[in-house]
Amino acid sequence: MKIFLDTADIDEIRQAARWGVLDGVTTNPSLYAKVGGSYDDILREVCTITSGPVSAEVVADDVEGMLAEGRHYAKIAPNIVVKVAMSENGLEAISRLADEGIRTNCTLLFTANQGLLAAKAGASLLSPFVGRLDDINQDGMIVIRDLAEIVAIHGLEAEVLAASIRNPLHMTQAALAGAHIATTPFKVLQQMIHHPLTDKGIAQFKKDWAAANEAAAAKG
Ligand code: E4P
């Protein structure tokens, strides 16, 4: 499973890239609002850090507006993927952007049917929101599993991107459910790295190493 970072924070993206685990980045208007500045500049910089897909979200409601924003973002870098929310107009925009060779990520998916339609319209990435479904007492991972199976059974081109990830368990579950990609907040990525027994083990090894060296030095 590929791992994307779900953030517009350049420092977080650089750190994940240094760890060698970064396959791409997803942004959205809310994540952008947290960092501010110029969205175009942020996208440009992110695309210099990763050559993987970088999602840039359109906010227009009408098809022509979505197309204009999408074409604009697509010009920023070859690895930009235009993020379009699921709607009747969104599907049309996805279809027309696909005709122009512009890759799209259909976002705000909450059912496998929505994902199936997005794939048929030509979206490259399908983003069901796991956490937001869990928040309303529905099992978000079921949508990931169903959609991944639909994509596999019918040999669809699109990839399932598990979004709205809230904890490390979601990452494991998304991988087991067949998600091609999961996009995670930086904090969850850090949580995936650490385990109390790992940290305790490192400290113990350091302590034993120092003690052994002190004993060797004392012996001369
Ligand atoms: C990513 O593509 C989504 O916009 C994001 O994962 C949504 O996450 P949230 O539900 O935590 O806002």
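Each ligand, and each atom within it, is numbered from 1 in the order the structure gives.
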Counting non-hydrogen protein atoms only, what is the nearest one to [atom]? Give residue, atom name and distance.
| atom | answer |
| --- | --- |
| atom 12 (O) of ligand 1 | R132 NH2, 2.8 Å |
| atom 3 (C) of ligand 1 | F129 CZ, 3.4 Å |
| atom 8 (O) of ligand 1 | S164 CA, 3.4 Å |

_Sub-4.0 Å heavy-atom contact, E57 with ligand 1_ =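 No, E57 has no heavy atoms under 4.0 Å from ligand 1.
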
*asked:* D135 vs R132, test: salt bridge (Lys or Arg N to Asp or Glu O under 4.0 Å). Steps then yes/no.
replied: CA-CA 5 Å; D135 288 345; R132 292 192 198 186; over 6 Å; no

Regarding [X] and [Y], is there a side-chain donor-to-acceptor distance under 3.5 Å anywhere?
| X | Y | value |
| --- | --- | --- |
| T26 | S55 | no |
| N79 | S51 | no |
| D6 | T184 | no |

_Measuring from atom 5 (C) of ligand 1, which candidate in L109, D134, D6, L125 has the nearest non-hydrogen atom?_
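Looking at heavy atoms only, D6 sits closest to atom 5 (C) of ligand 1.
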
_Regarding atom 4 (O) of ligand 1: of the candidates N28, L133, I165, which has the closest heavy atom?_
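Looking at heavy atoms only, N28 sits closest to atom 4 (O) of ligand 1.
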
*Which of the atoms in ligand 1, numbered in the order shown and given with their element, are less than 4.0 Å from a heavy-atom of K83?*
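Atoms satisfying the 4.0 Å criterion: 1 (C), 2 (O), 3 (C), 4 (O).
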
*asked:* One thing to verify: whether E214 and K219 come together as a salt bridge, which I'm taking to mean a side-chain N less than 4.0 angstrom from a carboxylate O.
replied: no

*asked:* I'd like to know if the side chain of H170 and the backbone of I165 have a donor-acceptor N/O pair within less than 3.5 Å.
replied: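 No, the answer is negative, given that no donor and acceptor are paired below the 3.5 Å cut-off.
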
*Please determine if R166 has a nitrogen or oxygen closer than 3.5 Å to a nitrogen or oxygen of ligand 1.*
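Among all N and O atoms of R166, at least one is under 3.5 Å from an N or O of ligand 1.
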
